[in-house]
Amino acid sequence: MTVVCNATPLINFAAINRLDILKAAFGQIVIPQAVCDETTVTGFPTSEFVLQAIAANWLQVCSISTIAPNIPPELDDGEREAITLALETGELQILLDEREAHQVSQSLRLQVIGTLGILLLAKNREIITQVQAVLDAMINNAQYWVSRPLYEQVLRQTRELF
């Protein structure tokens, strides 16, 4: 299975050196050039993990021709290119977290999976044994923000909080 990924999930998993979870959950992941630049060129602290994934060829950088006209200019370059790449390649799954990009993607009939959804998928497929440890690491190391009620809901879903 191949999916398109925006920067935030890459940043969250790379910040805790767990890109292996993405690889195990999805196999092949494609990112647009803007996402590659955002996670490797702009001083991203753990860019070496992203570069290693690209070198290992399970994370591929793809160019897009032009931004699809139905994608709002208010989204950042990575989001706009990731959505366009999903549309151009026909990959219906896209990994991203930002609310506005999520809404645009869904309106274009893309299946959106955010960081929390990736963690739930990884737990269900037994890629990871515990969501809480990985999620706490993201909160502490990647400054990933999750509201307390959502945090608790996810942990109840995985039977890690009763």
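Just so you know, these numbers use all the heavy atoms, side chains as well, and skip hydrogens, waters and symmetry mates. No experiment lies behind these values; they were computed from the predicted model shown.
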Heavy atoms, side chains only, cut-off 4.5 Å: are [X] and [Y] in contact?
{"X": "Val3", "Y": "Val30", "answer": "no"}
{"X": "Asp97", "Y": "Asn12", "answer": "yes"}
{"X": "Met138", "Y": "Gln143", "answer": "no"}
{"X": "Glu100", "Y": "Val104", "answer": "no"}
{"X": "Val61", "Y": "Gln33", "answer": "yes"}
{"X": "Gln93", "Y": "Val4", "answer": "no"}
{"X": "Asn17", "Y": "Thr46", "answer": "no"}
{"X": "Leu22", "Y": "Leu10", "answer": "yes"}

Quick check against the 3.5 Å criterion: does [X] have a side-chain atom that pairs as donor or acceptor with the backbone of [Y]?
{"X": "Glu38", "Y": "Ala7", "value": "no"}
{"X": "Gln111", "Y": "Leu92", "value": "no"}
{"X": "Glu81", "Y": "Asn6", "value": "no"}
{"X": "Glu79", "Y": "Asp76", "value": "yes"}
{"X": "Thr84", "Y": "Ala68", "value": "yes"}
{"X": "Arg80", "Y": "Ile67", "value": "no"}
{"X": "Ser147", "Y": "Leu150", "value": "yes"}
{"X": "Arg125", "Y": "Ala25", "value": "yes"}

Side chain to side chain contact (heavy atoms under 4.5 Å, CB included) between Ile128 and Arg18, worked out: CA-CA 10 Å; Ile128 58 174; Arg18 291 304 310 265; 4.1 Å; yes
Hey, could you give me the [atom1]/[atom2] distance between [X] and [Y], rounded to the nearest 0.5 Å?
{"X": "Gln157", "Y": "Glu152", "atom1": "CD", "atom2": "CD", "answer": "13.5 Å"}
{"X": "Gln130", "Y": "Arg159", "atom1": "CD", "atom2": "CZ", "answer": "15.0 Å"}
{"X": "Gln28", "Y": "Leu59", "atom1": "CD", "atom2": "CG", "answer": "8.0 Å"}
{"X": "Glu88", "Y": "Ser63", "atom1": "CD", "atom2": "OG", "answer": "9.5 Å"}
{"X": "Leu120", "Y": "Asn124", "atom1": "CG", "atom2": "CG", "answer": "6.5 Å"}
{"X": "Leu155", "Y": "Lys123", "atom1": "CG", "atom2": "NZ", "answer": "9.0 Å"}

Where do [X] and [Y] come nearest, in terms of heavy atoms and distance?
{"X": "Pro32", "Y": "Gly78", "result": "CG-O, 4.1 Å"}
{"X": "Ala142", "Y": "Ala15", "result": "CB-CB, 3.5 Å"}
{"X": "Ala101", "Y": "Ile83", "result": "O-CD1, 3.9 Å"}
{"X": "Ser105", "Y": "Leu96", "result": "OG-CD2, 3.7 Å"}
{"X": "Leu85", "Y": "Ile31", "result": "CD2-C, 3.7 Å"}
{"X": "Ile29", "Y": "Cys5", "result": "CG2-CB, 3.5 Å"}

query: Should Cys62 and Thr89 be marked as a side chain to side chain contact (heavy atoms under 4.5 Å, CB included) after you check the CA-CA gap, both sets of side-chain angles, and the distance that decides it?
result: CA-CA 10 Å; Cys62 293; Thr89 60; 5.7 Å; no
Taking [Y] as the starting point, is it possible to reach [X] by hopping between hydrophobic residues whose side chains are less than 4.5 Å apart?
{"X": "Phe13", "Y": "Tyr151", "result": "yes"}
{"X": "Ile94", "Y": "Ile21", "result": "no"}
{"X": "Val146", "Y": "Leu95", "result": "yes"}
{"X": "Phe49", "Y": "Leu119", "result": "yes"}
{"X": "Leu110", "Y": "Ile71", "result": "yes"}

Stepwise side chain to side chain contact (heavy atoms under 4.5 Å, CB included) check, Thr115 with Tyr144: CA-CA 9 Å; Thr115 295; Tyr144 181 63; 3.6 Å; yes
field: Step-by-step side-chain hydrogen bond (donor to acceptor under 3.5 Å, both in side chains) determination, Thr158 to Glu160
entry: CA-CA 5 Å; Thr158 61; Glu160 295 176 40; 3.1 Å; yes
